[in-house]
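Just so you know, these numbers come straight off a predicted model, no measurement behind them. Numbered from 1 within each chain, the chains take letters A, B, ... in sequence-line order.
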Number of protein chains: 2
Amino acid sequence: MSDSKIKNMEGFSAVSGISRPTLSKYFNDPASVRKSTREKIEAALEKYDYRPNIYAVNQNRRQTKNIGLVVPNLTDPFFAGIARTIEGLIVKAGFNPLLLSSHGGPEQELSNLNSLRSIKPAAVLLAPLGRASLADQVATFAEEVPTVLFDANLEGIGEAFFGSDNDQSINLIVDYLCRSGEPPVFFGMKTPINPNAYKRQSAYIAAMKRLGHEPHLIQVDGEGWNFEEIGFQEGAKLLTGPQLPTNTILCSNDRLAIGMLSAAYENGIKVGLGAQATLRIAGHDDHPFSRFTCPGLTTVSQDYDAIAARSVETILALIDSKRGLKGREEALFEGRLEMRGSA
Amino acid sequence: MSDSKIKNMEGFSAVSGISRPTLSKYFNDPASVRKSTREKIEAALEKYDYRPNIYAVNQNRRQTKNIGLVVPNLTDPFFAGIARTIEGLIVKAGFNPLLLSSHGGPEQELSNLNSLRSIKPAAVLLAPLGRASLADQVATFAEEVPTVLFDANLEGIGEAFFGSDNDQSINLIVDYLCRSGEPPVFFGMKTPINPNAYKRQSAYIAAMKRLGHEPHLIQVDGEGWNFEEIGFQEGAKLLTGPQLPTNTILCSNDRLAIGMLSAAYENGIKVGLGAQATLRIAGHDDHPFSRFTCPGLTTVSQDYDAIAARSVETILALIDSKRGLKGREEALFEGRLEMRGSA
DNA sequence: TCGTAAAATTTACGCGCGTAAATATTTGGA
DNA sequence: TCCAAATATTTACGCGCGTAAATTTTACGA
């Protein structure tokens with residue numbers, strides 16, 4: 001590679017023998033130039049290291065190639081995982097993902113959206129905080145920038161929503177728990193941030209009734225995203241308190257369940273399916289760590305490959321079509337039962 | 001807020017009654033204009049919603065306000081946590097953090113650096129993959145862009161390195177383990193990605209010798225970042241294989257330990273300090289989940305607040321001074337023992 | 001009140017690239 | 001071989017802002 005520094009497209013035009021407008025076309029879409037010129041350009045790119053100045057590019061393009069990706073909390077491996085999957089899909093589509101985490105705070109969520117606004121993204125994929133989200137302002141944003149929601153829905157906001165079918169997944173695990181032992185109580189937070197938690201609670205009640213059992217809700221206090229801690233603290237209270245109507249607890253999500261498993265262990269309560277076990281605990285989400293809890297956590301996995309794929313697909317269609325979809329799209333994907341040792 | 005859309009600084013100059021060059025000064029540094037004009041500008045900003053086009057700004061500025069932040073794997077909550085801390089510090093300093101994850105792959109690491117290059121960052125904070133990093137190319141990058149390494153060192157690359165004092169922290173936990181029970185064997189990977197793993201191994205050997213014990217290394221196969229899985233698989237082999245010389249295992253990091261705890265549980269081996277326990281397991285790093293394992297994982301926490309603070313401090317100094325530091329800076333921070341139930 | 005330093009305004013240019021229009025060249029099939 | 005369609009080149013302008021130089025206005029102390 002020659003080391004003569006090329007500072008702009010004009011310079012690269014000189015050394016490559018291709019006119020600047022043609023180069024501009026090439027960089028916008030390599031397929032838009034004739035094969036022979038494309039090869040000439042690529043040969044020159046091998047020889048001279050040049051890349052268009054992205055600031056100049058984006059200043060002039062009607063539409064940037066940026067796609068914003070906002071998740072509620074990157075510290076949660078669940079979101080880290082889905083973010084990674086989505087990033088990969090965005091890159092594969094020739095766009096540039098910009099990953100931001102709201103760190104559990106609605107102000108940060110808005111600040112993320114505002115940062116994105118000044119980056120003029122072609123579109124945004126948003127997994128909102130949920131109940132805590134400042135819905136009005138998120139809605140305003142979504143009217144200006146094509147936005148697709150995933151994981152958690154904000155009613156009517158954005159062009160589409162893709163998430164999990166909580167009815168199906170909760171049915172699945174309630175069925176399993178009832179079939180294999182005592183019907184479960186449902187352990188969740190009193191005022192959960194995540195709208196999925198509400199849906200799961202309702203789904204639990206419906207599933208129990210369908211099976212002819214009395215639903216039993218345990219709703220604990222606690223704010224924030226420290227779910228393991230909440231599961232631990234409140235789980236300890238629960239397990240050392242008055243006798244439950246059953247030996248089976250279905251937690252609203254895996255992180256609560258992980259905390260509760262820890263509480264059970266601390267209190268000498270054996271969890272699992274064996275003869276000596278006196279408690280069964282199940283979760284929801286198939287958190288990356290659920291395979292390694294003691295015992296392994298029985299849970300239901302979300303089909304987040306499908307959620308990711310569909311979200312990106314839709315956002316790309318949205319970008320292509322320039323104008324919004326006809327009506328707000330919504331799709332829920334089914335979960336799969338992950339049977340492990342805890343229930 | 002009036003809704004007359006202002007599309008550029010000239011328009012905002014018109015409605016605010018402040019000349020464009022003065023506005024430009026203000027946006028670069030609000031303190032650089034007289035208080036009275038600053039107030040006029042800010043009053044106008046309240047009224048008319050205008051923000052400079054960041055692409056135009058960055059095209060013309062000698063130096064952008066971007067600071068790149070590259071971590072090896074965001075799926076690991078440890079890195080997600082430190083990334084979050086560093087992001088906060090960067091924002092507080094008036095810069096714009098760009099977070100990228102290498103997803104455990106050296107190609108991705110380079111591709112991240114290349115993405116950053118075209119963003120013309122003022123500086124980059126890099127937690128390299130370690131052994132897997134393509135050192136030559138990372139070095140080339142670091143010569144072009146002011147770079148500070150943290151967490152894992154690449155000898156001689158970048159302007160500075162900040163990490164943990166593995167000698168101190170391993171000493172701390174080996175001391176503790178020997179003091180409170182049988183001396184530990186060291187469980188790690190044969191060819192670890194992370195250079196810290198090598199340092200910890202050496203530190204373990206030195207600590208054991210210092211205390212007059214025979215070091216005993218267990219080095220297992222395994223590639224990639226699936227540490228829990230490796231800890232689980234290899235832990236199972238270890239625990240069901242020939243008798244160990246001791247009942248105490250010190251793992252190279254918490255994620256291995258978490259996997260091993262799971263393997264112990266599966267095999268009916270009781271871990272902990274109690275009378276019925278036959279195995280002690282300790283880790284290193286104080287992973288966010290280590291509090292919730294069963295039993296809680298005894299480990300040593302890294303002072304990553306200090307590492308983050310010092311890294312950002314240095315990168316800001318580097319940006320200020322324009323030219324590099326006098327000599328490569330290095331500092332190691334001490335760990336703290338976290339005693340829990342597992343050892 | 002005046003004088004001077006500090007700050008704001010006016011004017012003007014350049015950054016690197018997108019893009020449009022007119023023109024020239026190449027391509028591939030009849 | 002020729003011709004129309006496809007593609008490339010030439011020329012030129014604009015994007016929104018940084019920044020420099022010359023000039024005018026403002027602030028503030030003696």
Side-chain angles (χ1 to χ4, degrees), chain A residues 4-45 48-66 94 96 117-122 322, chain B residues 4-45 48-66 94 96 117-122 322:
Chain A
S4 43
K5 286 286 168 199
I6 291 164
K7 43 187 277 291
N8 58 26
M9 202 177 275
E10 190 137 1
F12 186 63
S13 170
V15 299
S16 66
I18 306 289
S19 71
R20 197 177 65 73
T22 302
L23 289 176
S24 178
K25 276 196 75 182
Y26 169 83
F27 285 114
N28 276 318
D29 177 10
S32 70
V33 303
R34 193 155 45 204
K35 188 162 167 243
S36 57
T37 50
R38 183 163 59 242
E39 282 162 356
K40 269 195 251 175
I41 294 173
E42 276 157 6
L45 278 177
Y48 309 91
D49 152 70
Y50 163 75
R51 27 190 14 175
N53 179 310
I54 69 158
Y55 297 113
V57 170
N58 282 329
Q59 178 176 9
N60 297 304
R61 238 209 276 273
R62 315 189 185 292
Q63 196 50 293
T64 70
K65 283 284 192 178
N66 297 329
N96 176 231
R117 205 199 300 267
S118 64
I119 282 164
K120 304 188 189 308
K322 302 297 271 178
Chain B
S4 43
K5 286 286 168 201
I6 290 163
K7 42 188 279 289
N8 57 27
M9 204 178 275
E10 189 138 2
F12 186 62
S13 170
V15 301
S16 65
I18 306 290
S19 72
R20 196 175 66 71
T22 301
L23 289 175
S24 179
K25 277 196 74 182
Y26 169 82
F27 285 114
N28 276 318
D29 176 11
S32 69
V33 302
R34 195 160 37 208
K35 188 163 167 241
S36 57
T37 49
R38 183 163 59 241
E39 281 162 357
K40 270 195 250 173
I41 294 173
E42 276 157 7
L45 278 176
Y48 309 92
D49 152 70
Y50 164 75
R51 28 189 14 175
N53 178 311
I54 68 158
Y55 297 113
V57 169
N58 282 328
Q59 178 176 9
N60 296 305
R61 237 208 277 273
R62 315 188 185 291
Q63 180 88 269
T64 70
K65 283 282 191 180
N66 297 329
N96 176 231
R117 203 199 302 266
S118 62
I119 282 163
K120 305 188 189 305
K322 301 297 273 180

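As a whole-Å value, the separation of B/Arg51 CZ from D/dG16 P is 16 Å. One atom, NZ of A/Lys7, and another, P of C/dC15, lie 6 Å apart when rounded to the nearest Å. Here the C1' atom of nucleotide C/dA8 and the NZ atom of B/Lys40 are 9 Å apart, to the nearest Å. Here the P atom of nucleotide C/dA8 and the CD atom of B/Glu39 are 12 Å apart, to the nearest Å. Per the geometry, CG belonging to B/Asn8 stands 5 Å off P belonging to D/dG16, to the nearest Å. Atom pair A/Tyr55:OH and D/dG18:C1' shows a separation of 15 Å (rounding to whole Å applied). When rounded to the nearest whole Å, the span between CZ of A/Phe27 and P of C/dC17 equals 9 Å. A straight line from CD of B/Gln59 to P of C/dG16 spans 7 Å, rounded to a whole angstrom.
Take the nearest nucleotide of DNA chain C for B/Pro21 and for B/Ala56: the residue whose nucleotide is more 5' is B/Pro21. Closest-nucleotide positions on DNA chain D for B/Leu23 and A/Ser32 were compared, and the one nearer the 5' end corresponds to A/Ser32.
Closest to the B/Asn28 side chain, of the nucleotides D/dT19, D/dT10, D/dT7, is D/dT19. In the set C/dG14, D/dT9, C/dG16, D/dT9 carries the atom at the smallest distance from any side-chain atom of A/Ile18. With C/dT9, D/dA27, D/dC17 as the candidates, the nucleotide lying closest to the side chain of B/Arg34 is D/dA27. Nearest nucleotide to the A/Asn53 side chain, out of D/dG18, D/dG16, C/dC17: C/dC17.
Residue A/Gly17 is in sugar-phosphate contact alone, with no base atom involved, counting any heavy-atom pair closer than 4.0 Å across all strands shown. Nucleic acid contact class of A/Pro52 (heavy atoms, under 4.0 Å, all strands): sugar-phosphate only.
Phosphate proximity of D/dA8 to A/Thr22: absent, as no side-chain N or O sits under 4.0 Å from OP1 or OP2. A close approach under 4.0 Å does occur between a side-chain nitrogen or oxygen of B/Tyr50 and OP1 or OP2 of D/dC17. Checking the phosphate oxygens (OP1, OP2) of C/dG18, no side-chain nitrogen or oxygen of A/Lys25 falls inside 4.0 Å. Within the structure, every side-chain polar atom (N or O) of A/Ser19 is placed at least 4.0 Å from both OP1 and OP2 of D/dT10. Regarding contacts with the backbone of D/dA8, a side-chain N or O of A/Thr37 is found under 4.0 angstrom from either OP1 or OP2.
Residues B/Asn28 and B/Arg61 have side chains that bring a donor and an acceptor to within less than 3.5 angstrom of each other.
Under the 30°/60° scheme for interplanar angles, the aromatic rings of A/Tyr50 and A/Phe27 are found to stand perpendicular.
Contact annotation: the side chain of B/Ile41 approaches that of B/Phe12 to within less than 4.5 Å [non-hydrogen atoms, C-beta and beyond].
Side-chain atoms of B/Arg20 stay outside donor-acceptor range of the base of D/dG16, with no qualifying N/O pair under 3.5 Å.
Side chain of A/Tyr26 to main chain of A/Pro21: no donor-acceptor pair is present (N/O by atom type, distance under 3.5 Å, no hydrogens or angles).
Nearest heavy-atom pair across A/Ile18 and A/Ser13 is O-OG, 2.5 Å.
By the salt bridge (Lys or Arg N to Asp or Glu O under 4.0 Å) test, A/Lys7 is found to be paired with no residue, residues two or more places apart in sequence or in another chain being considered.
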